[in-house]
Number of protein chains: 2
Amino acid sequence: MSVPTIKDVAKLAGVSISTVSRVMNESKPVSPESRRKVLDAIKKLDFKPNELARSLVMRKSNMIGVIVKDIGISYMAQIVRGIEEIGRMYNYDILLSSTYGDIEAEHKIIEFMCTKQVEGIIMISEKINPETLFKLKSKNIPFVRLDKFYEYTDEHTVSIDYKSTCNKMTNYLVDEGHNSIVFISEDVTSRIGREKLAGFNEGVATRKVKSALINAKDITVQTGYDMGEEIFKLIKENNSTVVFASEDSLAIGFISYCYDNGLKVPQDISVAGFGDDLIASIYRPALTTIEEPYYDMGAISMRKLIKELRNEEKLKDVTILPSRIVERGSVATFTKKNK
Amino acid sequence: MSVPTIKDVAKLAGVSISTVSRVMNESKPVSPESRRKVLDAIKKLDFKPNELARSLVMRKSNMIGVIVKDIGISYMAQIVRGIEEIGRMYNYDILLSSTYGDIEAEHKIIEFMCTKQVEGIIMISEKINPETLFKLKSKNIPFVRLDKFYEYTDEHTVSIDYKSTCNKMTNYLVDEGHNSIVFISEDVTSRIGREKLAGFNEGVATRKVKSALINAKDITVQTGYDMGEEIFKLIKENNSTVVFASEDSLAIGFISYCYDNGLKVPQDISVAGFGDDLIASIYRPALTTIEEPYYDMGAISMRKLIKELRNEEKLKDVTILPSRIVERGSVATFTKKNK
DNA sequence: CTGAAAGCGCTAACAC
DNA sequence: GTGTTAGCGCTTTCAG
């Protein structure tokens, strides 16, 4: 016989299917005897309820859709880890799909996930398309967005305080003895780009140190590398001793450029990043950077989503997580510190 | 009204639900007029069929379970990308779960995925537990394993020819003018470990160069680093000019050790890896290594699984994919080559 | 406490 | 061509 159903269990146990259901779900009292018989039958048949059928009748799929731009991007994978672990705790499975930035695909995925009756959706992307967002909202299915360029509006997200963190890093660099800093900023038309820049500027202003700015067109390692020459120029012009990149990838790209062009990090120039990518600790020199708690971002998003689904709690619009500076080898110290 | 069902469509179109079903699935001819009415109603209501219900009655979930050890491991994420893209082509969704090596969790996940009626399972792990495998087989649900330590038996997998590839790399190194090679091998009790070593030995034997061997207890970057001192000793004893690590992570760890201990790669010592991890091209010096086609491994596994599900083709036991040497900066050239 | 019966949303014979 | 009906495997009234 193929896979057993509740009927088979009922027959073997000599009770009705309702009784079987009741012992399985402990939804209603069942006499000890029936209970035992049912349990025996379940064990004997190695019966496992068909979750599809349960989902259908209970209108509850226990599935969350996770839409990422690309699961191969390491920080996204870290977020997914968090989502997944919390999911398992609450018995939620995740349906994963990647968009590769294709907006057509994005829409299809959302449709499809809805037909699969996912109970909620988490979107992880660098930038989420407004149309997609609109679509998502129209479905009125709970969702959380994890989006680097998120402008606070009325959706739910989990983030860190980019501004104060960049301020902190700037202060740290000055504390280490750096008096002229080059800042590589990312897309300043985005909230995060602006916040990071603002934090840096604030730090520079309060500490009264010199600064120079350069914009990255995107946040790939390649771009960090390609900007090398320009950055070198800025360093020379400003007598800078450190480059603070608003993304680790940019910092790594730049360090690679230094490597290829005979500048030693941190002996000749210090470099700090932002994000604590997987690679930041492996690279040599290991990158001094700001830890973005990706795993936690995923975990908290998931927890929020689940609470919302259980009506235990309304999703708060924005959750701000702490972040910290991770000191590694890429920043030289010019001051004697007594820690 | 909440989400519309097939009934609502039927009512609005003034036909029976069968007719609606028929036009949706094009399963049977329908008069042009009914068809139009149905299509109109569907559009008007923005009706989308409940896939859960369809799955239940058709006994076909269109879901594949993907069990990874940890989606945060970059090569695993690469494999998942391949799986996912092919999946979408064939309208398969993926249900993702990570085990973190916990065998308890592994079993639960398999159970759970089966109750969710996944049609097949792909397991991605460095080492798959025999018990898990047994469980999986007992479910008799099609599955593919992507396992570094896989010993060919009777399951289905996709792999590359580790032996000949290592042989090729060894020859390449000799061609570049290296006459004494240190090989960092991984767990030689595993098939892959053995094959890699065999390939290396073969190359060394045919080219009649000197060689030294050292075993890695695992394949983490840290281990590569920790072995640094021992490797240094081997290099000195054998006058070696190159270290060939059987995993990129080991190579990277070792290069980091060199960096921290004043040996320059490739000026003082060359290093080659295996795998072409994401980091291999980003690291400086960029790592000369062997490209393992992770994406393709995922894609092909998925395609095989789907073919099997469609009964178009039996899963071949083992599929061997091509791989190639990626020349980058970590290996010095001592010979003049006219390419 | 327990069983019969209705029904979740859909597909697939089976009649007409 | 089309509607009726019987399920898919399960939960949940509703009687008893």
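We name chains A, B, ... by the order of the sequence lines, and we start the count at 1 in each one.
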Residue [X], side-chain atoms from C-beta onward, closest of [options]:
{"X": "A/Val57", "options": "C/dT11, C/dC8, D/dT2", "result": "C/dC8"}
{"X": "A/Arg22", "options": "C/dT2, D/dG3, C/dC10", "result": "C/dT2"}
{"X": "A/Thr5", "options": "C/dC10, D/dC10, C/dT2", "result": "D/dC10"}
{"X": "A/Lys28", "options": "D/dT13, D/dG3, C/dT11", "result": "D/dT13"}
{"X": "A/Arg54", "options": "C/dC8, D/dG3, D/dC10", "result": "D/dC10"}

Counting the atoms with a prime plus P, OP1 and OP2 as sugar-phosphate, which does A/Ser27 contact under 4.0 Å by heavy atoms, base, sugar-phosphate, or nothing? nothing

Base, sugar-phosphate, or nothing for B/Leu52, non-hydrogen atoms under 4.0 angstrom? nothing

Between [X] ([atom1]) and [N] ([atom2]), how many Å, whole number?
{"X": "A/Met58", "N": "D/dG9", "atom1": "CE", "atom2": "P", "value": "18 Å"}
{"X": "A/Lys11", "N": "C/dA4", "atom1": "NZ", "atom2": "P", "value": "13 Å"}
{"X": "A/Gln117", "N": "C/dG9", "atom1": "CD", "atom2": "P", "value": "9 Å"}
{"X": "A/Glu51", "N": "D/dT11", "atom1": "CD", "atom2": "P", "value": "8 Å"}

Think [X] has a side-chain N or O under 4.0 angstrom from the OP1 or OP2 of [N]?
{"X": "A/Asn50", "N": "D/dC8", "result": "no"}
{"X": "B/Ser55", "N": "C/dC10", "result": "no"}
{"X": "B/Arg59", "N": "D/dG9", "result": "yes"}
{"X": "A/Thr19", "N": "C/dG3", "result": "yes"}
{"X": "B/Ser21", "N": "C/dT11", "result": "yes"}

With nearest nucleotides of DNA chain D determined for A/Asn25 and A/Lys7 from heavy-atom distances, which residue corresponds to the more 5′ nucleotide? A/Lys7

Considering heavy-atom distances to DNA chain D, does B/Leu56 or A/Ile17 have its closest nucleotide positioned more toward the 5' end? B/Leu56

On DNA chain C, check which nucleotide each of A/Glu33 and B/Val20 is closest to and give me the residue with the more 5' one. A/Glu33

Check: D/dT4 base within 3.5 Å donor-acceptor of B/Ser18 side chain: yes

Considering only heavy atoms and no angle criterion, is a donor-acceptor pair shorter than 3.5 Å present between the side chain of B/Arg35 and the base of D/dG1? no

Around atom NZ of B/Lys11, are there more than 12 heavy atoms from other residues, nucleotides or ligands closer than 6.0 Å? no

For A/Lys108, does the NZ atom have more than 12 heavy-atom neighbours from other residues, nucleotides or ligands under 6.0 Å away? no

By the definition side-chain contact (heavy atoms from CB on, under 4.5 Å), identify the one residue from A/Ile67, A/Ile109, A/Thr157 that meets it with A/Met123. A/Ile67

Check the side chains of B/Arg59 and A/Asn50 for a donor-acceptor pair under 3.5 angstrom, ignoring hydrogens and angles. no

Minimal heavy-atom distance between A/Glu119 and A/Leu309, with the atoms involved, is O-CD2, 3.2 Å

Can B/Ser21 and B/Ser18 be said to form a side-chain hydrogen bond (donor to acceptor under 3.5 Å, both in side chains), step by step? CA-CA 5 Å; B/Ser21 171; B/Ser18 334; over 6 Å; no

